[in-house]
Amino acid sequence: MKNVLKMLGAIALVAIVVFTACKKDEEVVPPTLYERLGGVSAISAVVDQFIVNVVGDPVINAQFAATAADPYRAQLLRNNLIDQICAGSGGPCQYKGKNMKEAHKGMAITEEQFNALVGDLVAALDKFNVPQQEKDDLLAILGPMKSDIVGQ
Amino acid sequence: MLAMKIIRYSFLILAVLSLGGWWTTRRPASPTDDLPKVWYAAFELTGNALERGEALKAEVLTWEGITAANFNAKSALLTVSAAATLSESTVLNRLRASAGPQIQQKVFSTTGPQCPVPASLIAHLPGYLLVAGLFFGGISLLTLLKKSQFAGTKKKTHINFNI
């Protein structure tokens with residue numbers, strides 16, 4: 001009787017180990033958008049391309065004149081954009097800039113200018129062949145900011 | 001002695017204020033801090049250079065230190081971002097050597113009210129406050145040590161006198 005109980009106990013122990021091991025396999029955490037984008041270096045490459053697109057874009061570049069003329073401010077804008085995308089996509093960054101409403105106050109950005117900005121970002125993402133799913137996920141994070149940017 | 005006391009407390013207050021200022025204005029560490037610095041510039045193309053815009057963009061992208069480039073035919077601007085190891089004049093000279101003198105660096109006009117304090121100064125403020133806090137804190141500590149040393153000497157003299 002004792003041996004039977006010991007045997008049942010051993011079987012139960014093995015079963016617990018096997019089933020919990022299987023459960024762990026099923027609970028693999030899906031990669032964050034940050035990881036799918038390729039981390040901070042990939043984001044910085046996209047942001048550099050985005051800024052050069054914006055500076056060359058006649059619809060929007062007047063808004064960036066003061067920033068482009070000051071290397072320090074340009075660097076700050078770049079780091080803030082990287083931090084914002086990195087933090088919004090689940091990366092280990094913290095956005096340290098002003099909130100969108102405050103940052104665009106007095107700029108009177110029009111719908112046309114906002115669309116041009118989005119177009120420049122999509123062009124930058126396309127240049128690095130960012131897949132459609134990641135593009136959509138990123139634009140879904142940035143899209144809700146529109147009301148804080150346009151018409152301020 | 002009173003003057004010394006006032007100086008000591010003033011330095012202590014300045015140290016506390018500076019370190020408090022540094023604590024509230026400091027920026028948390030971020031992976032972006034480790035990224036190499038870059039600069040952005042726009043070059044206006046005219047004449048033959050404008051016709052070669054796309055080719056120039058492709059050429060610029062092969063240069064070491066260039067991190068991104070774009071040519072916009074509507075604005076006739078070739079825009080680049082480059083690492084700090086490369087200078088704007090070097091890029092302009094190489095562009096002129098490649099496509100002729102019809103290339104000018106675009107200087108964006110900055111009209112309207114500007115902040116009188118340079119952005120770089122504002123950004124470096126936490127660092128300045130930390131240095132000031134450590135400086136004033138150090139002086140306060142030194143004056144306190146000096147004071148305790150002086151008090152110890154005085155005590156010893158008093159004992160000797162009694163003997």
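Each chain gets a letter, A, B and so on, in the order the sequences are listed, and its residues count up from 1.
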Chemist: Is chain A contacted by the side chain of B:Asp33, its backbone, both, or neither, given a heavy-atom distance below 4.5 Å?
Modeler: side chain
Chemist: Quick one: are A:Gln84 and A:Met145 in side-chain contact, heavy atoms under 4.5 Å?
Modeler: yes
Chemist: Enter the distance from B:Tyr9:OH to B:Ser140:OG here, rounded to the nearest 0.5 Å.
Modeler: 10.5 Å
Chemist: Below 4.5 Å, heavy atoms only, C-beta onward: do B:Leu78 and B:Val60 meet side chain to side chain?
Modeler: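 In short, these two side chains touch, coming nearer than 4.5 Å.
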Chemist: Measure across B:Ile103 and B:Leu95 and return the closest heavy-atom pair with its distance rounded to 0.1 Å.
Modeler: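 Result for this residue pair: CD1-O, 3.6 Å.
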Chemist: Report the option among A:Asp83, A:Asp57, A:Asn79, A:Leu76 that has the most heavy-atom pairs separated by less than 4.5 Å from atoms of chain B.
Modeler: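 Looking at each option in turn, the highest pair count goes to A:Asp83.
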Chemist: Would you please say whether a donor-acceptor pair under 3.5 Å links the side chains of A:Gln133 and A:Asp137?
Modeler: yes
Chemist: Quick check on B:Val80 against chain A: is it the side chain, the backbone, both or neither that has a heavy atom closer than 4.5 Å?
Modeler: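 Contact with chain A is through the backbone of B:Val80 alone.
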Chemist: If you check every heavy atom in residues 35-55 of chain A against those of chain B, which residues fall under 4.5 Å?
Modeler: A:Val40, A:Ser44, A:Asp48, A:Gln49, A:Ile51, A:Val52, A:Asn53, A:Val55
Chemist: Pick from A:Gly56, A:Pro92, A:Gly91: which one has the most heavy-atom pairs with chain B under 4.5 Å?
Modeler: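 That would be A:Gly56.
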Chemist: For residues 112-119 of chain A, which side-chain N or O atoms pair as donor and acceptor with protein atoms under 3.5 Å away, sequence neighbours left out?
Modeler:
from     : atom 1 : to       : atom 2 : distance (Å)
A:Gln113 : OE1    : A:Gln63  : NE2    : 3.3
A:Gln113 : OE1    : A:Thr110 : N      : 3.1
A:Gln113 : NE2    : A:Val59  : O      : 3.4
A:Asn115 : ND2    : A:Glu111 : O      : 3.4

Chemist: Heavy-atom cut-off 4.5 Å, strictly under: side chain, backbone, both or neither for B:Ile66 against chain A?
Modeler: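 It is neither, since no heavy atom gets under 4.5 Å.
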Chemist: Is it the backbone or the side chain of B:Ala76 that comes under 4.5 Å from a heavy atom of chain A, or both, or neither?
Modeler: neither
